[in-house]
Protein chains: 2
Amino acid sequence: MNADKPTPTLHDVADLAGVSTATVSRCLNFPDRVKQATRDKVMAAVDALGYAPNFGARAMASQRTNTIGAIIPTMENAVFARGLQAFEDELRQHGFTLLVASSSYRADVEEAQIRSLIARGADALLLIGHDRDPAIYQFLEGQRKPALVTWAYDPDNPRPSVGFDNRAAMRAMAEKVLALHHRKLALISAPMASNDRARARMMGIRDAMAAYGLTPEALAVIETPYGIENGADAFARLMQADDRPTAVFCGNDVLGVGALRQARAMGLDVPGDVSVVGFDDIELSQVTYPPLTTVHVPHGAMGRKAARALVAMVLHGQPAETTALPTEIVMRGSLAAIDPA
Amino acid sequence: MNADKPTPTLHDVADLAGVSTATVSRCLNFPDRVKQATRDKVMAAVDALGYAPNFGARAMASQRTNTIGAIIPTMENAVFARGLQAFEDELRQHGFTLLVASSSYRADVEEAQIRSLIARGADALLLIGHDRDPAIYQFLEGQRKPALVTWAYDPDNPRPSVGFDNRAAMRAMAEKVLALHHRKLALISAPMASNDRARARMMGIRDAMAAYGLTPEALAVIETPYGIENGADAFARLMQADDRPTAVFCGNDVLGVGALRQARAMGLDVPGDVSVVGFDDIELSQVTYPPLTTVHVPHGAMGRKAARALVAMVLHGQPAETTALPTEIVMRGSLAAIDPA
DNA sequence: GCATCTGATGTAAGCCTTTACATTTCTGCA
DNA sequence: TGCAGAAATGTAAAGGCTTACATCAGATGC
């Protein structure tokens, strides 16, 4: 199983083909600069040896890797997964490779992953959200590695981002809910510490409440980690309170789906007894019963746009412009008007 | 934005700290081999410069990367995502890093990704399923890189795998369905070319049919790519046929959920008019209406076990043993007995 | 106070590839 | 046939890190 023969190098290929390493290198990188006959010999040697170029050595010699790294909070979230898939597709079309890491929503892990991706030669990084120790940005600057934030939009933040306005999107949803006469509102949110998206979404609801003359602090809030089970538990707690909400906002669809499941378990009719709304519009939310009313996020477009921006940054040193993509509310079955009786 | 100052190297740190590069290297790799005072100086320099070791150079010099690569068909599938998360957790505990790539279920892309991960220095690879051009295995052998197959279990295959018996699992499910008096069966499967898991699952159903004295060929089969929409379409086609099945097997839960959605859209009662069963047991299947009866796959355990096996292969050259983890049938609401009227 | 040993640090080679530059081979034309 | 110029190929340095080995400074024991 272990190395009885060392893995072949450029040198081995060159020897076997009877040419110099430079020629082999050219064969691999600029095939049209070598004669057909030579190329055939070399390629035969490459196949015979099962040669694969050593990425590290190549990166070191050529000073570029054509690799872009991305760090997402979790791979289990379908939203990130889809955005990333689009991101990778676009990247590949520009001849770049994607390196992915996940941080489990932990700041310390994220920092380690950032360093690891940079050390691995990533030419640039894609990050989710703005919230991050300033030291990390300094580190990236020191390394001259551009970074692009996505999933968030904050025109006041000096770091560029390609995302969407979480606050405005959630505000729009909240206004819709308020327009349907709901007045007792609750929110099941992802933990808000070091999560600017979650905070922005809550602020959006409060904005709408204020606009409707309600006290923003009246919003009941439960923070809980990502997961169907957690959403269900939080929902149960909310509905056991004396003063039940009539509409429950969920910071993301996964929590929303958990809430829906719990409602059924408790024998509560959605939207008859209580309305539930989500955020993200992942596939899940179309197949629940009732289907979940939610905020649609343009994952694909966002991923592709981020990829193009990052490629431009790397290739031409072109600074990225902060852009917001539009979100929209998808009305399905889980939100209804309150009978103003 | 672009490099006005080059990124700092070991040498720069050494100069700033007034020591040699060897000392800096030792500080980073074997902190206890340098004096406290020296270490402090060096670390201060590291921080001041924002130094990060160059992975390629390090790999080249030390001849190992402590990195394991994994190639999954798609990131969008929650099943792979969960297994991978467990895999990564376990890997990290052993001091290894995970490199992920996805192949979009395409053999050519998978091959490119395999080469890319090896070139990037992966010490070993995790692959999904056995089906693969033999040349790829030869290549891996030539590179002396161990590979472990997961998600599948085939004791006859010489390549080691840590997975589960797709065929037996699906057969058990089919026997359950047959015991409930269903006789007209259909299968919505992922494309079976170059997908041994999909084929094995179909064989499992046929095995059970044969055991019940039915003609295995009577199984109606539709192949369609991964996706809720595709599952829905396939289900619609199945139910428009003259001879409707009474039970529809789905090769995975995502297709199953699509079938469920379509059933509702067509006004068909599940399981009253038709039963639907899935495979994988992803979170999705608990929240549909009715909840999906499915085959539970031990993602987490599988990921962790695979990680341990791979680490042992890399560290001690210990060959992996092919092992199968148990699956189980999760009865939910989408499967019911047929009224033998 | 000296030889010896230990622990801390420095020196320099080597890992594999790319690429600027040097050299050789070929082509075409006078 | 011979030569200029182009095309093909070779030579060798550079890139950042680890590590075997060499060196040096103190500590130890007598």
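Chain letters run A, B, ... following the sequence lines, proteins first, then strands; residues in each count from 1. Bear in mind that the values here come from a model prediction, so they are computed numbers and not experimental data.
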Quiz prompt | Residues that A:Ala124 engages under side-chain contact (heavy atoms from CB on, under 4.5 Å), provided they are two or more places apart | solution = A:Ile68, A:Pro146, A:Leu310, A:Val314
Quiz item: Does anything in residues 25-39 of chain B pair up under salt bridge (Lys or Arg N to Asp or Glu O under 4.0 Å), and if so which pairs, sequence neighbours excluded?
Solution: none
Quiz item: What does the inter-axis angle of the helix from C:dG1-D:dC30 to C:dA30-D:dT1 come out as, five pairs per end, nearest 10 degrees?
Solution: 40°
Exercise. Please name all residues satisfying salt bridge (charged side-chain N to carboxylate O under 4.0 Å, His left out) with B:Glu88, sequence neighbours left out, ordered by chain then number.
Key: none
Exercise. Under 4.0 Å from any heavy atom of chain B: name the first and the last nucleotide of DNA chain D that qualifies, 5' to 3'.
Key: D:dG16 to D:dT19
Practice problem: Measure from NZ on A:Lys35 to C1' on C:dC26 and round the result to the nearest Å. | Solution: 8 Å
Quiz item: Quick one: salt bridge (Lys or Arg N to Asp or Glu O under 4.0 Å) pairs with a partner in residues 301-313 of chain A, sequence neighbours left out?
Solution: A:Glu90-A:Arg308
Quiz item: In the 5'-to-3' direction, what one-character label does each nucleotide of nucleotides 10-19 of chain C receive under the scheme B = base within less than 4.0 Å of a protein heavy atom, S = sugar-phosphate only, - = no such atom?
Solution: BBB-BBBBBB
Practice problem: Please collect all salt bridge (Lys or Arg N to Asp or Glu O under 4.0 Å) contacts where either partner lies in residues 16-25 of chain A, sequence neighbours excluded, each pair once. | Solution: none
Self-check item: Salt bridge flag under 4.0 Å for residues A:Arg159 and A:Glu321
Solution: no
What side-chain donor-acceptor pairs closer than 3.5 Å can you find for residues 44-54 of chain A, not counting sequence neighbours?
residue	atom	partner	partner atom	Å
A:Asn54	OD1	A:Gly56	N	2.8
A:Asn54	OD1	A:Ala57	N	2.9

Quiz item: Can you list the residues that meet the side-chain contact (heavy atoms from CB on, under 4.5 Å) rule with B:Ser20, with sequence neighbours excluded?
Solution: B:Ala22, B:Thr23
Quiz item: Looking at residues at least two apart in the chain, or sitting in another chain, which of them share a side chain to side chain donor-acceptor pair (under 3.5 Å) with B:Asp108?
Solution: B:Arg106
Quiz item: Which residue pairs pass the salt bridge (Lys or Arg N to Asp or Glu O under 4.0 Å) test when at least one of the two sits in residues 127-137 of chain A, sequence neighbours left out?
Solution: A:Glu110-A:Arg132, A:Asp131-A:Arg199
